[in-house]
Amino acid sequence: MPKILKYVFFDLIRSRWSIIYFLFYFITGLVLLYLGHDVSKAIVSLMNVTFILTPLIGTIFGVMNYYNSREFIELLLAQPIPRRRIFFGMYLGISLSLSLSLLTGMMLPFVFYGVFGSDHTMSLIILLLSGIFLTFIFTAISFYIALVNENRLKGFGVAILVWLFMSFIYDGVFLMLLLMFQEYPLEKFSIILSLLNPIDLSRILIMLQLDISALMGYTGAVFSKFFGNSSGMFLSFAALSLWTALPVALILKKSSKKDF
Amino acid sequence: MGIKYIKTTLILFFVYMPFWLTAGLLKVNPGEFSIREAIKIAQPHDTIQVASGTYLEHDIIVDKPLVIIGIDRPVIDGEHKAEIIIIASDSVTFSGFQIQNVGFSFTKDWAGIKLDRVDYCTIENNRLIDTYFGIYLKKVKHTIVKNNIMEGIAKNEVNSGNGIHLWYCEDILIEGNKISGHRDGIYFEFVEESKILNNVSEGNIRYGLHFMFSNHDDYIGNTFKNNGTGVAVMFSNFIIMKDNKFIDNWGTSNYGLLLKEIYDGELSGNVFKSNTTAIFADGTNRIRITHNNFISNGWAMNIFGSCMDNEIAFNNFISNTFDLTTNSSRNHNSYHDNYWDNYTGYDLDRDGIGDVPYRPVRLFSFVISKVPESIILLRSFFIDMINIAEKVAPVLTPQSLLDDRPKMKMLRYD
Amino acid sequence: MIEIKEIKKSFGRLEVLKGFDFSLSDGKITAVLGPNGSGKTTLIKSILGLVVPDTGEIRFQDKPIKNKWEYRNQIGYMPQIARFPENLRVAELIKLIEDVRGVAGKTERLIEMFELAPFLNKKLRQLSGGTRQKVNVLLTFMFDCPLYILDEPTSGLDPIALIRLKDLISAKKAEGKTFLITTHIMSLVEEIADELVFLLEGKIYFHGTFEEMMQSHKEDNLERAIAKILEENA
């Protein structure tokens with residue numbers, strides 16, 4: 001597995017897309033910090049960008065990389081190594097190279113600006129951490145979708161739909177349910193719904209860090225009490241880990257049975 | 001109003017001058033005799049000088065017009081037994097003391113300094129520590145409370161008193177005091193024609209300043225910082241609120257300024273910074289809200305549908321999560337000539353006023369007022385999208401709630 | 001070396017391999033022929049373990065291959081399309097396959113033979129299709145294996161490289177290696193193959209030597225013999 005991981009990682013990190021991805025975060029971060037001069041606002045803006053872009057890029061790279069490596073995968077499959085090493089290695093290679101672009105691109109502007117060690121360190125760390133989680137989650141989901149669908153167009157379409165659902169439609173349905181059942185107490189229901197979507201979960205974790213918890217008012221107190229304490233934090237990261245582990249398990253299961 | 005005070009002071013001066021000329025001077029030293037004994041033997045209009053030291057006394061009743069002055073801040077310690085100074089005569093001046101450790105009672109409003117049905121008193125330059133109620137004025141008129149420092153130890157609303165408490169009072173000047181750690185920093189109930197100037201009310205559990213059923217009062221140049229709510233004005237008319245700072249009143253149900261059932265006031269030149277809700281208004285009518293700065297608040301304004309004929313103009317709205325929210329789909333107030341940093345319109349004729357109106361109520365803030373739990377979706381992609389959609393074609397937010405003369409540039413107030 | 005028994009494979013409703021027995025003779029070059037969709041690729045992929053048959057058994061050196069991967073140490077496989085990670089250099093790709101195999105390949109002679117030295121430090125995306133196919137040959141033959149499986153090995157190779165490849169195959173055969181080759185180029189089959197397997201609609205229509213094929217179909221040319229088979233079964 002480390003062998004495959006290593007080469008896939010080197011292959012991707014050298015591609016110009018990785019560099020563009022890195023530069024995007026780097027420049028966005030610099031612009032937000034040096035033009036806005038408000039770290040908290042910069043983090044919120046960066047959060048908006050990250051939570052749309054990270055899952056989208058993970059989705060696109062997961063699908064594209066699988067389809068583009070179709071022939072190379074066959075070559076590897078004919079080599080004396082077990083299948084799970086090939087696919088797990090590839091998956092990790094993609095996720096890690098994307099995460100590295102994200103991590104460096106996002107962190108460097110803040111390092112230059114001198115945010116580390118300030119009050120905002122924690123929210124920045126959580127932003128980076130959840131960005132990396134989202135990369136791993138959506139790469140895994142799209143990689144799995146590509147593995148299931150031999151038809152590139154269909155695979156691509158399904159993966160984009162899943163992204164669209166998670167980052168847009170889900171919240172729409174969420175809001176509709178809240179409006180429909182507004183006579184009932186909805187705090188627990190809301191917490192459960194947000195645990196079920198990694199993008200929402202990441203967003204809430206950062207919002208609570210940025211002290212917007214008080215803004216959430218009376219009901220917000222319930223949320224911040226849940227997500228704010230260590231066990232809620234643990235539960236949130238456990239949910240994110242589960243979100244990563246589940247599609248990875250599906251990849252391993254599917255790849256062990258699939259005909260190539 | 002200022003003229004009136006000068007007049008009062010002058011009248012006092014001439015009325016009292018003959019007594020001063022003949023008045024005696026008593027000196028109290030620690031261990032010799034008590035302040036209470038000094039008051040007992042003093043003639044009206046005498047001056048009692050109390051030397052520095054600690055006096056373990058309580059229930060000191062000042063029942064004749066006296067000037068009682070602490071030299072080098074003597075300490076009067078009530079040892080948590082009862083209340084300490086009770087002023088029961090007109091024309092008492094009490095200054096320069098440290099009053100500490102008033103007892104606690106569920107049935108009596110014990111205070112560090114209590115003024116009961118008296119006029120023309122001055123309470124000045126005292127320091128009050130752990131006094132349950134700090135300075136308590138009951139049916140008092142023409143009195144000055146100035147430059148006192150009150151440090152309470154309040155932990156919850158039930159077991160705590162107010163810093164400066166006024167009940168049925170008239171023509172009181174409260175100036176330059178620092179109040180912290182009480183239930184309400186300053187409390188007004190049935191108070192008329194009084195002024196609150198340049199005080200700092202900080203870290204109080206409920207309100208920094210609280211008006212109930214009080215009319216024709218001014219509060220100007222005060223700072224309300226980190227209280228449960230900065231200022232609450234309820235059931236009061238003709239209140240002037242100018243040049244105050246409302247800062248860091250941040251928490252799950254905290255406001256910078258809470259307005260409830262108030263009529264005909266003026267709110268101008270104030271700064272609202274980092275409050276969960278800068279202004280919450282319910283049943284508020286005919287108030288002019290002008291020339292204020294709203295900076296980095298959760299909600300700059302929450303105006304309920306019960307508010308009518310208010311004018312919101314020439315204010316700056318900068319870096320607030322929500323500029324305005326309301327629970328009604330109708331609007332009976334007027335908004336114009338404000339600067340909104342969220343405004344994205346243009347100014348083709350370059351007159352400094354945007355050519356398209358600004359709608360300060362976002363759909364999402366409207367949704368939150370219906371379903372508070374939906375705040376969990378704040379800053380999600382979906383919410384951003386519906387906000388934009390509503391901006392283009394308003395359906396749910398009040399059609400007529402708009403600023404049709406939005407300023408292109410921030411207004412400068414120094 | 002390879003024994004196949006009653007192998008069946010369907011993709012959805014399409015039955016690609018309809019159940020046949022087959023055994024590969026040691027030390028020979030066997031060419032698998034057949035029209036498109038006859039099951040050539042599926043057969044090869046089944047042997048390599050890329051496709052798992054629905055029923056039947058495949059044995060490699062007398063051991064069943066199902067759920068095994070170690071046996072592939074004994075196989076050199078050359079895929080039809082040579083596409084590799086674009087941003088790796090040729091040398092890195094060689095290293096990758098060596099890493100995976102856990103042995104160092106014998107590359108020097110092959111690099112010389114196919115004139116690959118100038119390309120070793122180039123990224124694969126900078127290489128032409130022909131050069132990539134040469135790299136493909138190199139990756140296949142740099143390990144010493146008893147069995148080589150070549151899928152359309154001639155596609156994209158220039159005439160000189162093709163001659164070199166044939167020489168290489170002959171040399172390996174002389175060392176006693178076994179080959180399984182699919183191709184559409186009949187001249188290549190006539191030139192190098194010892195045995196023919198002709199697949200038709202998922203079954204083995206013919207398995208024997210070149211001469212046997214000619215005799216049974218009374219033709220002196222392989223292309224014509226095959227055309228005849230196809231016409232008869234149309």
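Chain identifiers are assigned alphabetically (A, B, ...) following the order of the sequence lines, protein sequences preceding nucleic acid strands; residue numbering begins at 1 within each chain.
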Worksheet item: So which bits of residues 128-153 of chain C come within less than 4.5 Å of chain A, counting non-hydrogen atoms only?
Response: C:Leu139

Worksheet item: Side chain, backbone, both or neither: which part of A:Ser15 has a heavy atom under 4.5 Å from chain C?
Response: both

Worksheet item: What residue in C:Asn73, C:Asn67, C:Thr42 has the most heavy-atom pairs under 4.5 Å with chain A?
Response: C:Asn73

Discussion item. Nearest 0.5 Å, please: how far is CZ in A:Phe10 from CG in C:Leu88?
Written reply: 9.5 Å

Practice prompt. Please indicate whether C:Ile160 has more than 12 foreign heavy atoms, meaning atoms of other residues, nucleotides or ligands, lying under 6.0 Å from its CD1.
Written response: no

Worksheet item: If you look at every heavy atom in A:Asp259 and C:Val51, which pair is closest and at what distance?
Response: OD1-CA, 3.3 Å

Worksheet entry | Enclosure of A:Ile20 CD1 (heavy-atom neighbours >12, cutoff 6.0 Å) | yes

Worksheet item: Which bit of C:Lys123 comes within less than 4.5 Å of chain A, counting heavy atoms only: side chain, backbone, both or neither?
Response: side chain

Practice prompt. Compare every heavy atom of A:Phe72 with every heavy atom of C:Leu93, then report the nearest pair and how far apart it is.
Written response: CD1-CE1, 3.7 Å

Worksheet entry | Residue A:Asn68 versus chain C: region with a heavy atom under 4.5 Å | both

Response to the item:
Most heavy-atom pairs under 4.5 Å with chain A, out of C:Trp69, C:Tyr71, C:Phe11, belong to C:Trp69

Worksheet entry | side-chain contact (heavy atoms from CB on, under 4.5 Å) between C:Arg72 and A:Leu77, worked out | CA-CA 9 Å; C:Arg72 292 199 285 265; A:Leu77 284 166; 5.8 Å; no

Discussion item. Checking an interface table here. Which of residues 54-62 of chain C come within a heavy-atom distance under 4.5 Å of chain A?
Written reply: none

Item to complete: Starting at CD of C:Glu86, measure out to CG of A:Leu12 and round the result to the nearest 0.5 Å.
Response: 10.0 Å

Worksheet item: What's the shortest heavy-atom distance between A:Pro80 and C:Arg101, and which atoms?
Response: CD-NE, 3.7 Å

Fill in: Which of C:Thr41, C:Ile81, C:Ile75, C:Leu124 touches chain A most, by non-hydrogen pairs under 4.5 Å
C:Ile81

Discussion item. More than 12 heavy atoms of other residues, nucleotides or ligands under 6.0 Å from NZ of C:Lys28: yes or no?
Written reply: no

Item to complete: Using a cut-off of 6.0 Å, state whether more than 12 heavy atoms not belonging to C:Arg109 lie near its atom CZ.
Response: no

Discussion item. Is any side-chain heavy atom of A:Gln79 closer than 4.5 Å to one of C:Ile97?
Written reply: yes

Discussion item. Can you give me the closest heavy-atom contact between A:Tyr7 and C:Leu96, atom names plus distance?
Written reply: CD1-CD1, 3.1 Å

Worksheet item: Counting heavy atoms not belonging to C:Glu175, are there more than 12 under 6.0 Å from its CD?
Response: yes

Worksheet item: What are the two closest heavy atoms between A:Leu75 and C:Tyr77, and how far apart are they?
Response: CD1-O, 4.1 Å

Fill in: Pairwise side-chain contact, C:Asp99 with A:Lys6, heavy-atom cut-off 4.5 Å (strictly under)
yes

Worksheet item: Is there side-chain contact between A:Arg70 and C:Arg83, with at least one heavy-atom pair below 4.5 Å?
Response: no

Worksheet, complete the sentence: On a heavy-atom basis, the closest approach of C:Glu92 and A:Arg14 is OE2-NH2, 2.6 Å

Worksheet item: Taking atom CE of A:Met64 as the centre, does the number of heavy atoms from other residues, nucleotides or ligands within less than 6.0 Å exceed 12?
Response: no

Fill in: Residue A:Lys258 excluded, over 12 heavy atoms near NZ under 6.0 Å
yes

